[in-house]
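Take a look at the structure set out below.
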Amino acid sequence: MKKKVLLMGKSGSGKTSMRSIIFANYIARDTRRLGATIDVEHSHVRFLGNLVLNLWDCGGQEAFMENYFASQRDNIFRNVEVLIYVFDVESRELEKDMHYYQSCLEAILQNSPQAKVFCLVHKMDLVQDDQRELIIQEREDDLKRLSKPLDCTCFATSIWDETLYKAWSSIVYQLIPNVKQLETTLAHFTDIIDADEVLLFEKATFLVISHCERKPHKDVHRFEKISNIIKQFKLSCSKLAAAFQSMEVRNTNFAAFIDVFTPNTYVMVVVSDPAIPSAATLINIKNARKHFEKLEKVDGGHPALTS
Amino acid sequence: MAYNSDNDIAGQYSVSFPQGFDYGPEEGEGDPAGGAQDQKPKILVMGLRRSGKTSIQKVVFHKVSPNETLFLESTNKIVKEDVTNCQFFVYHVWDLPAHLDYFDSTFDPELIFGGCGALIFVIDSQDDYMDALSKLHFVVTRVYKMNPKIKFEVFIHKVDGLSDDHKIDAQRDINQRATEDLADAGLDNVHLSFYLTSIYDHSIFEAFSKVVQKLIPQLPTLENLLDIFISNSGIEKAFLFDVVSKIYIATDSSPVDMQSYELCCDMIDVVLDVSSIYGGFDSEPPVYEPRHNRISPLSFDSDSDSDDGEIIPERVNPADSNQRLAVIKLNNGTVMYLREVTKQNCWRLSVY
């Protein structure tokens, strides 16, 4: 099942950098080496096995932009599932950015009115800590107003911290076909094994695709933090030509397990009951595998219907 | 008395260690844990302005990401900062603005250099290092007079910006010039050690580990213990880590493979990060400080032979430390195992 994702925004706003980090295992520092994107770069990313994200990374130089809205209009804006528009928070030409954004929305409205729109206010690391909240609030209000009649979801992002994972996790969540079913099953699983929390990660990107929380946790950013932490560690492992397989961390308060789950996912289980031994949780994870594999197969049976 | 509580904690490890302790670790363990604070080796860091001293300190001891150090303000007064949350040494950073004479009486150099185990001099390799070399010479000649036992360690820093050839050239050049300068001054017997370091990789941790190891009197004992441990358990490599700084205090006698050391550092990061999210108050890194503070009264205790009462807070949760462990498996059969040994540092073992 192919889903078309448009990545737009002005030149140098960070589109290719974020794509490389999320899907091509770049570390943030290496994105400096990336050059400007010329015209449109297509990439096909296999996500969760049989979902293919067809990423259109659209170079943002003005000449290209004009071209997208004129001669390539139909080609670019047809059949779009998701539009991701990236704003450089430090941009001096806010007016112009907004103008292009609105042209973009107009084209989307004509060609793919069902598309979901995400706005990423990027390079937030360049803004001082105490200013961030204020700025993102301001931008979000503006963007929501300008986006009408379409609806947009805003995220403040930076390649230097976990905010990027948060945004992309929400984006791909929209694209997973049987996500509700997956969530119900996960909730059921969490109940059965008496866990505080269970997270499901996509294997290649380590984005959280589903989660179930039974015990409230104060840190609302923890999912993307875990994505970020493990992704970094996976990269360190790859230097030794090895791949990360599983992990267990425990102290008196908790035990956390991360393990390969289905062929396309990793699972993380957090347990706080000290009476539950590690082995029990590991067996529970093992036993749950086949149920989740079945879910993925069902999901694989559908592409004929949608394409 | 200090041993009392040590035994108590050690007893919790009887799974992996016989309670008998044939090799008599009580002195070995009692000393670092209970030794008086002023016995810890002191490490002093000096170097010209903007050479990277504060960045090193932030990255190694405060877990600041290397990128963020770009924004650090220049330290423009004489700053003495102490890092005391490590069990094995005290770390002082002392910034050296170029125009001041630190050896004048107001600074009491005797006090500063006298009890110092090692002096790290940081040289910015991306800059013209002639000024730094003359400063180094100046410092070494004076400090050596005051404290001939001090170890001089030179960090040729910021080498991430240099090509491999360039790095080696810089090291050779600096080494040669510094040593010749000293020889000219008649100080042939002063030994300088040189390290190529960068905060963007693990070289800074590696260099620190080497520096710290020279200062630990128990090192041979610790190494021996680790040797015994791995030969009896089928483990390939064991490190004794200070988890706060990711410096390894000791390792067994087999050669250290840089890559596996780096992976261990990364593992410690992962474990600390995950525990700080899910472990509640128990495992956040800042917790190490209060714990450390609890150790210091203990040491006075053992010195002055006062009563047992003082030790009780130290025993609050020995079982808790027993449970703090982490295992990471890789697909090539490597298993990394991290577990808390004393309150402060961890063993990491990798089995292939």
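Owing to the predicted nature of the structure, the values given are computational and were not obtained by experimental measurement. We name chains A, B, ... by the order of the sequence lines, and we start the count at 1 in each one.
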Quiz prompt | Ion pair check, A:Asp259 and A:Arg289, cut-off under 4.0 Å | solution = yes
Exercise. Identify which of A:Ala256, A:Ser278, A:Ala255, A:Cys237 forms the greatest number of heavy-atom pairs closer than 4.5 Å to chain B.
Key: A:Cys237
Quiz item: When the aromatic ring centroids of B:Tyr195 and B:Phe155 are compared, is their separation below 6.0 Å?
Solution: yes
Quiz item: Contact part of A:Ile258 toward chain B, heavy-atom cut-off under 4.5 Å: side chain, backbone, both or neither?
Solution: neither
Quiz item: Checking A:Glu197 against chain B: side chain, backbone, both or neither under 4.5 Å from a heavy atom?
Solution: side chain
Quiz prompt | cation_pi(A:Lys231, A:Phe206) dist<6.0 Å, angle<=45 | solution = no
Quiz item: Picking from B:Asp124, B:Asp127, B:Thr197, what satisfies side-chain hydrogen bond (donor to acceptor under 3.5 Å, both in side chains) with B:His157?
Solution: B:Thr197
